[in-house]
Amino acid sequence: MRASQLARGEDPGVVDAILAADERRRSSLGQFEALRGEQKAVSKAVGAAMGAFQKAKKSGADNVAELETAATAARERAAELSDRVKALEATAGHADDDLDTLMRKVGNVIVDGVPSGGEDDYIVLETIGTPRDFTAEGFEPRDHLELGERLGAIDMERGAKVAGARFYFLTGVGARLELALLNMAVAQAVENGFTPMITPTVARPDVIVGAGFMDAHAEEVYHLQTDDLYLTGTSEVALAGYHADEIIDLTDGPKRYAGWSACYRREAGSHGKDTRGIIRVHQFHKVEMFVYCRPEDAADEHQRLLDWEREMLAKVEVPYRIIDTAAGDLGSPAARKFDCEAWVPTQSRYRELTSTSNCTTFQARRLNTRERVPADLGIGSGTRAVATLNGTLATTRWIVAILENHQQPDGSVLVPSALRPFLGLDVLTPIG
RNA sequence: GGAGGCGUCGCAUAGUGGCCUAGUGCGCCCGCCUGCUAAGCGGGUUGGGGUUGAGACCCCUCGCGGGUUCAAAUCCCGCCGCCUCCGCCA
């Protein structure tokens, strides 16, 4: 845990504070429980004494006065105990809260092999495909917004008029292109055994917190103050909350869901960054894979999610690379994260199209999603937290890579063949 | 938006301040009996936390959180969810 904190560039001293808080919690809880036991016994004696007194009173027995004295005496002893129990209960409660607060400060423990450091310390695992040489082809590539406007596919100006900066309309073939892309993603997910889901795009505070989005992402999340609800930045939030407070059955393998949703992000702190086009926007749509599996299977499942992302990227035929994100850039729920970044010709660099995270038991612990401990593991009985993982299958941003990488000198765009059945067009042609 | 009702063990229900250590039925699991099946008999059957070498023991948990009380499933307040009726509206 200390090593993990260091790799993330965070304070390892928190770990010692947690151990101390846990010790305080145990001892105060022990004291409280002992006295509570005593109080229960005494209180029960009061009940018995009162019962005997009432009975005697009714039947007019001789020892009524005697019994009344006994009952009153017992009651006074119980009253005295009650105050002490309350004080101890409060102490134990505070110790528990302190521990909880400290625990929430710590990000997930990273998987062995994750590179240390920050945003720029990623490792490139693989590069797939070769960027086109537009110089050799003899024309200057247009960026996705210029292409989109010529095609009648993207309208940023009216988006800003209606909803402000970083909002947009997808129009005509643009709207059809996004629907085709997302439908292709859902179709692939279903083929691979996922259950498709259309999710709520608002969530209660406890779900947002449980999914880990109030830590580093807090500033990114829209809040609906009147109703104390949050707009979700990904269907991951809703799908993580889906099995909250449940004991689920994973004996037949992982539970795999493919969430389709609108996603909302405030993009606070990114003023001036990617202001052109639809690379960085406040609202977009996404098909997201989300998996519940056993902790032992999480690393393998993570590779499978990456493979399914690669399957999707192959279908749109864009060059991309895969990176292993460094610890400091993981976000607190993730123990490991692989991003697939597509080549954007007009920026001469790779930009993120997908991201898959192994959150191990981090989200499940907070959202209380458990399974019964399988007997064959030989680690006792009871329940334990499951592992959760997520990965992108397609988003609105993919349109950027598709338009730019498949553009022709005349401003038209060839539709990748896998996408044609979903779109019903082989080529997008400029209007007017 | 207004009015009312409800939330108890996997399911169904009893319980309206102390003989509740939450009863009963069904389901499920283990065992017994019975030469099929069925029935019958006995035991077990929420989850969390703590003490412990072990076996075991203790504390919390009646939708959730507070409060009243010596004592709360039971009384009071807030929240969540479900249902019924009325109103309004894409």
Side-chain angles (χ1 to χ4, degrees), chain A residues 18-59 61 64 67-104 162 200-210 223-230 237-238 241-251 262 361 363-376 378-386:
Chain A
I18 285 174
L19 291 173
D22 184 50
E23 182 52 43
R24 277 200 303 280
R25 174 180 155 275
R26 279 165 198 265
S27 71
S28 61
L29 193 61
Q31 288 174 35
F32 159 66
E33 284 187 359
L35 202 65
R36 172 67 125 191
E38 202 177 318
Q39 187 204 16
K40 266 177 78 169
V42 171
S43 191
K44 195 178 268 179
V46 174
M50 291 296 282
F53 164 59
Q54 297 291 350
K55 212 184 268 174
K57 197 172 162 190
K58 230 178 226 168
S59 64
V64 172
L67 287 171
E68 184 172 14
T69 313
T72 309
R75 216 162 116 165
E76 276 161 10
R77 253 181 295 137
E80 186 244 333
L81 267 176
S82 171
D83 288 340
R84 288 168 57 201
V85 167
K86 270 183 188 149
L88 281 172
E89 185 174 21
T91 308
H94 286 137
D96 199 40
D97 289 347
D98 290 348
L99 178 63
D100 206 51
T101 306
L102 282 169
M103 291 285 277
R104 289 190 181 280
V162 170
T201 53
V202 298
R204 299 170 185 275
D206 51 316
V207 175
I208 290 271
V209 169
H223 183 215
L224 304 176
Q225 217 163 1
T226 317
D227 302 289
D228 196 20
L229 290 168
Y230 294 86
V237 176
Y242 188 68
H243 286 303
D245 296 315
E246 292 182 23
I247 296 172
I248 60 175
D249 183 4
L250 296 175
T251 49
T361 58
Q363 292 175 328
R365 282 199 309 271
R366 294 173 163 214
L367 288 164
N368 194 28
T369 302
R370 294 166 293 158
E371 66 163 341
R372 299 200 180 280
V373 174
D376 54 300
I379 51 170
S381 58
T383 62
R384 62 169 184 171
V386 301

Query - All salt bridge (Lys or Arg N to Asp or Glu O under 4.0 Å) counterparts of A:R104, not counting sequence neighbours - result: A:D100
**Report entry** For A:R204, all residues meeting salt bridge (Lys or Arg N to Asp or Glu O under 4.0 Å), sequence neighbours excluded
**Finding:** none
Report summary line: Taken to the nearest 0.5 Å, the spacing of A:R372 CZ from A:R384 CZ works out to 13.0 Å
Report task. Quick one: pull up CG in A:D227 and NE2 in A:H223 and give me the separation to the nearest 0.5 Å. Result -> 9.0 Å
Query - Nucleotide-resolved protein contact map, nucleotides 55-80 of chain B, B/S/- at heavy-atom distance under 4.0 Å - result: ---BBS---------BS--------S
Under 3.5 Å on both distances, the Watson-Crick or G-U partner of [N]:
N: B:G42; answer: B:C30
N: B:A14; answer: none
N: B:G7; answer: B:C80

Query raised in the report: Is A:R25 near enough to B:G49 that one of its side-chain N or O atoms lies under 4.0 angstrom from OP1 or OP2?
Result: no
Query raised in the report: Is the shortest side-chain N/O distance from A:R370 to OP1 or OP2 of B:G48 below 4.0 Å?
Result: yes
Output the rounded distance in Å from [atom1] ([X]) to [atom2] ([N]).
X: A:D245; N: B:G81; atom1: CG; atom2: C1'; value: 13 Å
X: A:E371; N: B:G48; atom1: CD; atom2: P; value: 13 Å
X: A:L29; N: B:G48; atom1: CG; atom2: P; value: 16 Å
X: A:L35; N: B:G50; atom1: CG; atom2: C1'; value: 16 Å

Query - Nucleic acid contacts of residues 93-101 of chain A, taken as heavy-atom distances under 4.0 Å to RNA chain B - result: none
Report summary line: Applying side chain to side chain contact (heavy atoms under 4.5 Å, CB included) to A:S27 and not counting sequence neighbours gives none
Requested in this report: Output all residues satisfying side chain to side chain contact (heavy atoms under 4.5 Å, CB included) with A:P200, sequence neighbours left out; order by chain, then residue number.
Outcome: A:A238
Report task. Only counting residues at least two apart or in another chain, list the ones meeting side chain to side chain donor-acceptor pair (under 3.5 Å) with A:D249. Result -> A:T251
**Report entry** Pairing residues for A:T91 by the side chain to side chain donor-acceptor pair (under 3.5 Å) criterion, not counting sequence neighbours
**Finding:** none
Query raised in the report: Which sits closer to the 5' end of RNA chain B, A:G30 or A:R372, going by the nucleotide each is nearest to?
Result: A:R372
Side chains of residues 28-35 of chain A: which donor-acceptor partners sit under 3.5 Å, not counting sequence neighbours?
from	atom 1	to	atom 2	distance (Å)
A:S28	OG	A:R24	O	3.0
A:S28	OG	A:R25	O	3.1

